[in-house]
Amino acid sequence: MFCLSYTDRPPGPSGPGRLPVVESRRPRDMSDIRVRFAPSPTGNLHVGSARTAIFNWLFARHHQGTFILRIEDTDQERSKPEYTRAILDGLRWLGVDWDEGPEAGGDCGPYFQSRRRSFYDEALQRLRHEGKVYPCFCTPERLQDLRTAQLSAKQNPRYDGRCLALADDEVAQRIAAGEPFALRIKAARLESVEWTDLCKGLVSIGPEMLDDIVVAKSDGYPTYNFAVVVDDITMGISHVIRGEDHISNTPKQILIYRALGATPPRFAHIPMILGEDRSKMSKRHGSTNVVEYERQGYLSEAFFNFMTLLGWSPSDDQEIFTRDEVVRRFSLDRVSPSGAIFDINKLKWMNGMYIRQLSPAEMLDRAEPFLSTLEGYPGDYSREQRVEIARQLRERIELLTEITDAAGYFFHEPAEYDEKGLAKAAKTPDLAAVMEDLAAALATTEPFDEAGIEAAVRQLAEARGMGAGKVIHPTRLALSGRIAGPGLFEMMHVLGRARCVTRLRRFVERHPWEF
RNA sequence: GGCGCUAUCGUCUAGGGGUUUAGGACGCCGCCCUCUCACGGCGGUAACGGGGGUUCGAAUCCCCCUAGCGCUACCA
C-alpha cells in the first residue's frame, strides 16, 4: 500500500465521531522519495513551470524516486481541459515523463484536484471535530474594510480574530440559522514558523505574520493551501520542490500540517526565471509557452539542457549534458538561490551545438517539417542527396527554422542575387564569358563529382590567368544568389550538372551585375 | 505599507576566509584555418552594489544601507 488517504483506510473500530488519523509519509530511504509537479491548467506550460517540472523530475530520477503529476484544476473559472492537454504535451516534448498522474494512473489517484473533494471534506470534518478550526461569519466586505484599514495604518493585513471570540451558543445559533461561514484554522501566533529550505537554507517567518487562514470557503470548497497540503500528505510527497513565489505559502501550509497532525515534507524553493527586465517571466516577455520553442526550431534536448543550467550548475565547467548525465549529477544543493534571466542568445548557441551533433540523416528528419514548406521541395532529389544537403547546412544554422532560408536555392532558382556579391562579381574581367565557359566545361565534366568540378573550375581560372576566387565567388552567386554557404564544389555536386549549367546560363542572360 | 528572498563580468555561473593577477560559458572584438559563410582553434574585452565590523588576512563570516524581485484573497 503506497498511499494514505482518508477514504481508503480500513473501516477499523471507529465509533461515531472517530476519524482516521492522517499521517505523513517520511522518506525512509532513497527509493522512498516522492515528488510532484502540480500545475493548474489555466494556460500552456510556460518556461517557469517547465523548469520546476524538470528539477522535480531530475530529483526523482536521480534518487530513483517517484515523479507525480497532479493537476490542480479547482479554479472552475480559469481551468480548461485543453490546457491540461497542452501541459501534458509540453512535458512530453521536454522528455519529462511521470510515474503517476493523468494517463499514467497510480495508487494515489485521482490526480485531478477537482476529483479529490472527499479527501478535503474528510480532513475538514476531522479538523472541526478536533476543534482545530473555527467558523468565521465575516463577510467579504468586512474583511476588505479590515484590510484597507490595516493597510492605511501601515500594518500587515491579517484577520482580527473576531469570530474566534464568539460564544459557542451564538455560533451554533448562527449556523442553525443558515448563515454562511468559512472555516479558519486556529493558528498559534506565539512563535515563528521556520523550516530548513533545501535551496534557501533556514527560512523563518515571525509570529506577527501568522494568520488564521481560511481552509474552507463559505461554499464548502477547500482553499488552495488546504487542498495542496491534504494532497501532498495523501500522496506521500516527501519533497516539495517549487518556485520561490511559494515561499509565503509555506508557513501557512506548515500550520495546516500541524493542525492535521502531520509532519511537513522537506521544502526546496527554487529561484524564479526572469525576463530581460529582471521581473518574473510572463507573457509580455515573448514566448513563454514551451511548445512554442519547438515551432521556432529549437531541439527538445537543447532546450532541456539549457533549462537545466538555469539555476543549477555542476561542480565543473561542463555545460553540454545528455539527459542521463544530468540525472546522475543533479542535486538540490547546487541550485543557485538567486533568480536567472532567460538568455535566449545562449539557448540559440546551445541549440546550434546540438544541431551540429546530429547525424546528417537525423538532421534531415528533424528539419523535414520545416523543409517541407519550401517551394520545390523535395523536387527530384533522392533521400541520399537531401541527407547531403542537411549535412552541408548543419553547421551553418542554429535553429531548425533557419534551414528554410539556407536551403532554398537547392530547390528553386534564386529569384535575385546578393547586391554586394554582384558588385564584387563585376570586378571579374569578362564575367559573362567566364561564366559561359564554365557552363560549357561543366556540361562535359566527368565525373561530375566534387573533385571533378573543382578541377574544372580551377583549370578555367588558370587558363584565364586569374585567381580561383575570381571564378568561385561569382559562380556561387550565380547558382545560389548568395555570397555565403557550403563549399562551392560540394554544393555543386548535390545541385547536379543540369541545374548548375542552366543557372550559370540564366545568370549570363540576366546580366544582373551591370547596373 | 508589511513580510520574505536575492545581490560575482551585459547574461548564465564557479569560487563559501589565505591556493585568486577572481575561473568557465554565451555575447562582443581580434587573429588563425579557408573558395565565401559557418564550424573549429587561439587571444582579448568585462564583475565581487555601498558602508561598517570580525580576523594577521574577507568576493568569501556578521550587521546596516541600497537595489531588484516575490508574496501580501473565502485565486491557484
Side-chain angles (χ1 to χ4, degrees), chain A residues 38-40 42 72-75 77-79 113 136 138-140 143-144 147 150-158 180-184 197 199-201 203-206 208-209 211 213-219 221-225 227-228 243-251 269 271-272 274 276-280 306 309-320 334 336-350 352 356 392-398 406 421 424 454 457-458 461 467-473 475-477 480 482-489:
Chain A
S40 45
T42 53
E72 308 206 326
D73 57 348
T74 47
D75 188 334
E77 316 280 282
R78 294 186 295 161
S79 294
Q113 263 186 346
C136 174
C138 295
T139 60
L143 261 16
Q144 183 55 48
R147 202 163 19 244
Q150 287 166 328
L151 236 30
S152 62
K154 300 184 190 237
Q155 286 176 317
N156 180 51
R158 65 198 297 226
F181 62 91
L183 251 25
R184 286 185 184 273
D197 197 281
C199 187
K200 305 285 187 183
V203 181
S204 176
I205 310 292
E208 71 283 359
M209 288 302 292
D211 203 359
I213 56 157
V214 172
V215 289
K217 305 181 220 172
S218 48
D219 62 5
Y221 276 91
T223 57
Y224 164 76
N225 279 309
V228 165
E244 70 176 344
D245 48 346
H246 283 283
I247 284 185
S248 48
N249 282 326
T250 306
H269 289 94
M272 303 272 81
L274 281 20
E276 306 279 346
D277 61 355
R278 292 215 145 267
S279 69
K280 188 177 170 180
F306 177 72
L309 254 18
L310 230 47
W312 174 81
S313 67
S315 48
D316 56 25
D317 288 334
Q318 191 177 341
E319 297 208 287
I320 305 291
R334 293 202 63 86
S336 151
S338 53
I341 292 178
F342 185 90
D343 182 6
I344 191 82
N345 235 345
K346 188 154 180 173
L347 205 210
K348 267 188 193 158
W349 162 78
M350 193 170 277
R356 273 170 252 133
Q392 290 180 17
L393 266 15
R394 194 176 43 168
E395 60 199 35
R396 277 166 250 267
I397 61 172
E398 285 187 320
K424 275 209 175 135
E454 175 158 10
V457 170
R458 292 199 187 276
K470 284 267 188 275
V471 180
I472 288 171
H473 301 306
T475 304
R476 170 177 290 104
L477 187 67
S480 68
R482 307 298 184 90
I483 55 175
L488 181 67
F489 312 121

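A, B, ... follow the sequence lines: proteins, then strands. Residue 1 opens every chain. Just so it is clear, the values below take in all heavy atoms, side chains as well, and ignore hydrogens, waters and symmetry mates.
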Closest listed nucleotide, where the reference is the side chain of [X] and the choices are [options]:
X: A:S313; options: B:rA14, B:rC75, B:rC26; result: B:rA14
X: A:R476; options: B:rG24, B:rC35, B:rC74; result: B:rC35
X: A:W349; options: B:rA25, B:rG70, B:rU13; result: B:rA25

**Asked** Mind checking whether A:F306 and A:L310 have side chains closer than 4.5 Å, heavy atoms only?
**Response**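 A side-chain contact under 4.5 Å exists here.
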**Request:** Would you mind reporting whether A:H473 and A:K424 have side-chain heavy atoms less than 4.5 Å apart?
**Result:**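 The answer is no; the side chains never approach within 4.5 Å.
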Taking the [atom1] atom of each, how far is [N] from [M], in whole Å?
N: B:rC74; M: B:rG15; atom1: P; result: 42 Å
N: B:rG44; M: B:rG24; atom1: C1'; result: 16 Å
N: B:rC61; M: B:rU6; atom1: P; result: 12 Å
N: B:rG30; M: B:rC48; atom1: P; result: 26 Å

Which part of the nucleic acid, if any, lies within reach of [X] when heavy atoms closer than 4.0 Å are counted: base, sugar-phosphate only, or nothing?
X: A:L309; answer: sugar-phosphate
X: A:P314; answer: nothing
X: A:A340; answer: sugar-phosphate
X: A:I341; answer: sugar-phosphate
X: A:G487; answer: base
X: A:G311; answer: sugar-phosphate

**Message:** In whole Å, I'd like the distance from the OH atom of A:Y224 to the C1' atom of B:rC75.
**Reply:**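 In whole Å, B:rC75 C1' lies 10 Å from A:Y224 OH.
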**Request:** Nearest whole angstrom, please: distance from the P of B:rG23 to the CD of A:E319.
**Result:**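 Going from A:E319 (CD) to B:rG23 (P), I get 16 Å.
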Please evaluate the base of [N] for a donor-acceptor partner in the side chain of [X] within a cut-off of under 3.5 Å?
X: A:N249; N: B:rA76; answer: yes
X: A:R394; N: B:rC39; answer: no
X: A:S218; N: B:rC74; answer: yes

Check the phosphate of [N] against [X], side-chain N and O only, distance under 4.0 Å to OP1 or OP2. Yes or no?
X: A:R396; N: B:rU36; answer: no
X: A:T42; N: B:rA76; answer: no
X: A:K217; N: B:rC75; answer: yes
X: A:R158; N: B:rA73; answer: no

Would you mind pulling out the nucleotide paired to [N], Watson-Crick or G-U wobble, both distances under 3.5 Å?
N: B:rA73; value: none
N: B:rA25; value: B:rU11
N: B:rU55; value: none

Pairs under 3.5 Å (N/O, protein and nucleotides 1-7 of chain B):
from	atom 1	to	atom 2	distance (Å)
B:rG1	O2'	A:K154	O	3.2
B:rC5	O2'	A:K200	NZ	2.8
B:rC5	O2'	A:E244	OE1	2.9

**Item:** Residue whose closest nucleotide on RNA chain B lies nearer the 5' end, A:N345 versus A:E72
**Value:**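 It is A:N345 whose nearest nucleotide is closer to the 5' end.
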**Item:** 5' priority, RNA chain B, between A:P180 and A:R334 [closest heavy atom]
**Value:**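 Taking each residue's closest nucleotide, the earlier one in sequence belongs to A:R334.
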